[in-house]
Protein chains: 2
Amino acid sequence: MANWLKNTIKNASSDCVVFGFEDFSLKILLYKRGINPCKGAWALPGGFLKKGELFEEAARRILKATTGVTDIYLEEVAVFDQLDRFPPWRVFTVGYFALVKPGKYKITATGLDSTEVRWFKFNELPELAWDHKQIVDTALHKLRSLVLHKPIGLELMPNKFTLPQLQTLYEVVLDRPLDRRNFRKKMIQMNLLKKLDERDPNNKTNAAYLYKFDKRVYNKLITKGFILE
Amino acid sequence: MANWLKNTIKNASSDCVVFGFEDFSLKILLYKRGINPCKGAWALPGGFLKKGELFEEAARRILKATTGVTDIYLEEVAVFDQLDRFPPWRVFTVGYFALVKPGKYKITATGLDSTEVRWFKFNELPELAWDHKQIVDTALHKLRSLVLHKPIGLELMPNKFTLPQLQTLYEVVLDRPLDRRNFRKKMIQMNLLKKLDERDPNNKTNAAYLYKFDKRVYNKLITKGFILE
DNA sequence: ACAAAAGTGTTCAGCGTACACCCATGC
DNA sequence: GCATGGGTGTACGCTGAACACTTTTGT
């Protein structure tokens with residue numbers, strides 16, 4: 001412990017709510033703690049800041065260690081600083097939410113004292129350590145309001161995807177069904193998508209067309225925003 | 001200095017961007033530092049956390065000291081943690097933005113080592129200490145996006161106000177003119193306002209009617225949000 | 001009577017919303 | 001041939017946007 005503390009700021013940490021989209025559901029990355037405190041409990045990937053490291057840098061370091069992804073979408077959620085959130089002593093944490101693309105990452109446990117790292121459906125989470133449930137809830141809330149005003153699929157979908165897939169993402173995040181035709185119309189009229197000549201090879205019956213995001217438009221909408229309904 | 005540190009967390013602070021609306025302009029509260037570091041420079045009201053104090057509590061303590069207001073609208077803006085932001089040593093700060101109502105506050109310098117506290121027009125700010133300009137810019141950005149989705153006048157306008165006054169607030173925040181008739185229509189059809197039988201006693205020619213906010217509707221719109229244009 | 005500010009109503013276009021049918025494929 | 005999922009177009013209503021004239025009062 002003494003050695004561990006040497007290069008560490010012991011009252012400041014970053015925690016990441018990592019969202020991924022797989023098997024038609026929205027998932028969150030958790031790890032099982034291998035050491036005390038809270039050994040055996042599931043927790044968000046996170047950790048103390050090193051000296052000379054920014055909160056966001058710490059978050060990226062942790063994400064690289066857990067997912068292997070270096071260029072990742074990251075946004076600050078909020079500060080969490082309840083006095084008793086980390087009982088051994090007082091620690092402020094900055095919560096981030098991150099979006100990662102399936103296929104682009106591979107989960108490891110490098111850099112975390114952990115016995116296991118895996119995805120959970122966002123609505124079937126286990127009990128979480130400390131105040132991590134609260135961080136997840138805040139991040140989910142932010143994701144839901146984000147999705148209505150900015151495009152988000154680029155960070156979560158594979159490079160080529162079908163419109164029904166994208167719609168499912170939106171339905172899962174918003175937790176309600178959307179009208180197929182209106183969803184298509186909206187996406188297409190924003191010029192957000194480029195239709196490819198390929199079709200979904202996975203699907204059996206009537207294969208859906210694949211699309212890519214038009215990154216130019218995508219980035220413009222990220223800064224400018226839009227209104228989905 | 002030794003005594004000052006005893007009850008203080010020396011690497012964590014809160015800083016407040018206090019917005020007020022007066023003389024038809026949006027203003028920000030600054031104080032002139034009375035001691036080093038940065039003696040003589042203008043800065044945002046802020047300070048180190050005391051032990052056992054939350055970031056938001058520190059912000060409220062500082063606001064009470066500077067404005068005398070206890071129930072104040074306060075929202076987290078972001079964490080600012082550049083390594084060199086506070087040259088003597090490393091300090092993270094949580095930026096807040098606050099909205100206060102003219103007439104409800106009185107400026108003091110209690111609790112700040114200051115020679116002067118006063119309002120500046122938001123677009124005529126002096127040079128600011130440290131990274132406070134960046135905090136102001138981020139807060140302004142947040143205010144501008146807030147105003148499009150939530151009602152904000154309640155915290156900034158006097159209890160009774162005219163529609164042209166409210167419109168001016170919106171125009172100043174958004175930095176562009178709005179159509180008088182459409183603005184009225186929008187505000188009225190949201191049931192946000194209660195028309196009074198009084199007229200603006202200050203105005204000379206054709207006095208405008210005074211309004212109050214319907215707090216029930218106001219609070220509902222705060223949580224539910226709306227879309228201004 | 002003229003200038004300054006406040007109040008009011010209408011028209012148009014675009015978009016969000018609801019909704020039904022045909023097509024392709026695998027079993 | 002039937003079930004499953006994908007693709008497409010239309011009609012209506014609301015609301016955001018543009019816009020001009022009248023009323024009041026102080027000078």
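Throughout, a chain's letter reflects where its sequence line sits, starting with A, and its residues are numbered from 1. Scope of the values below: all heavy atoms of this structure, side chains included, with no hydrogens, waters or symmetry mates.
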ask   = Can a salt bridge be assigned to the pair K133(B) and D137(B) using a cut-off of 4.0 Å between side-chain N and carboxylate O?
value = yes
task = Report yes if at least one side-chain N or O of Q189(B) is closer than 4.0 Å to OP1 or OP2 of dC14(D); otherwise report no.
result = no
request  = Could you tell me whether K185(A) contacts a base, only the sugar-phosphate backbone, or nothing, with contacts defined as non-hydrogen atoms closer than 4.0 Å?
outcome  = base
ask   = Counting only N and O atoms by type, is there a donor-acceptor contact under 3.5 Å from the side chain of Y218(B) to the main-chain atoms of L154(B)?
value = yes
message = I need the CZ-P distance between R184(A) and dA18(C), as an integer number of Å.
response = 18 Å
query = R181(A): what forms a salt bridge (Lys or Arg N to Asp or Glu O under 4.0 Å) with it, not counting sequence neighbours?
reply = D179(A)
message = Please report the distance, rounded to the nearest Å, between CZ in F226(B) and P in dG16(D).
response = 11 Å
Residue pair K27(A) / S25(A), side-chain heavy-atom distance below 4.5 Å = yes
key: Nucleotide dG16(D), atom P - distance to CD1 of I227(A) in whole Å   = 9 Å
key: Interatomic distance where CG belongs to D200(A) and C1' belongs to dA24(C) [whole Å]   = 14 Å
task = Would you indicate which nucleotide in dG7(C), dG16(C), dC19(C) comes nearest to any side-chain atom of K186(A)?
result = dG16(C)
key: Length of the line joining M187(B):CE and dT15(D):C1', which is rounded to integer Å   = 15 Å
inquiry  = Taking the ring centre of each residue, are F80(B) and W130(B) less than 6.0 Å apart?
reply    = no
Which pairs, protein N/O on one side and nucleotides 21-25 of chain D N/O on the other, fall under 3.5 Å?
residue	atom	partner	partner atom	Å
dT25(D)	O4'	T205(B)	O	3.1

note = Partner of L146(B) under side-chain contact (heavy atoms from CB on, under 4.5 Å), picked from K150(B), K142(B), R144(B), H149(B), is K150(B)
message = Output the rounded distance in Å from CG (N182(A)) to P (dC15(C)).
response = 13 Å
5' priority, DNA chain D, between I188(A) and D179(B) [closest heavy atom] = I188(A)
query = Less than 4.0 Å between a side-chain N and a carboxylate O, is that true for E56(A) and R60(A)?
reply = yes
task = Round to a whole Å and report the spacing from CG of L174(B) to P of dG16(D).
result = 15 Å
Distance, rounded to the nearest Å, where N202(A) contributes CG and dG6(D) contributes P = 12 Å
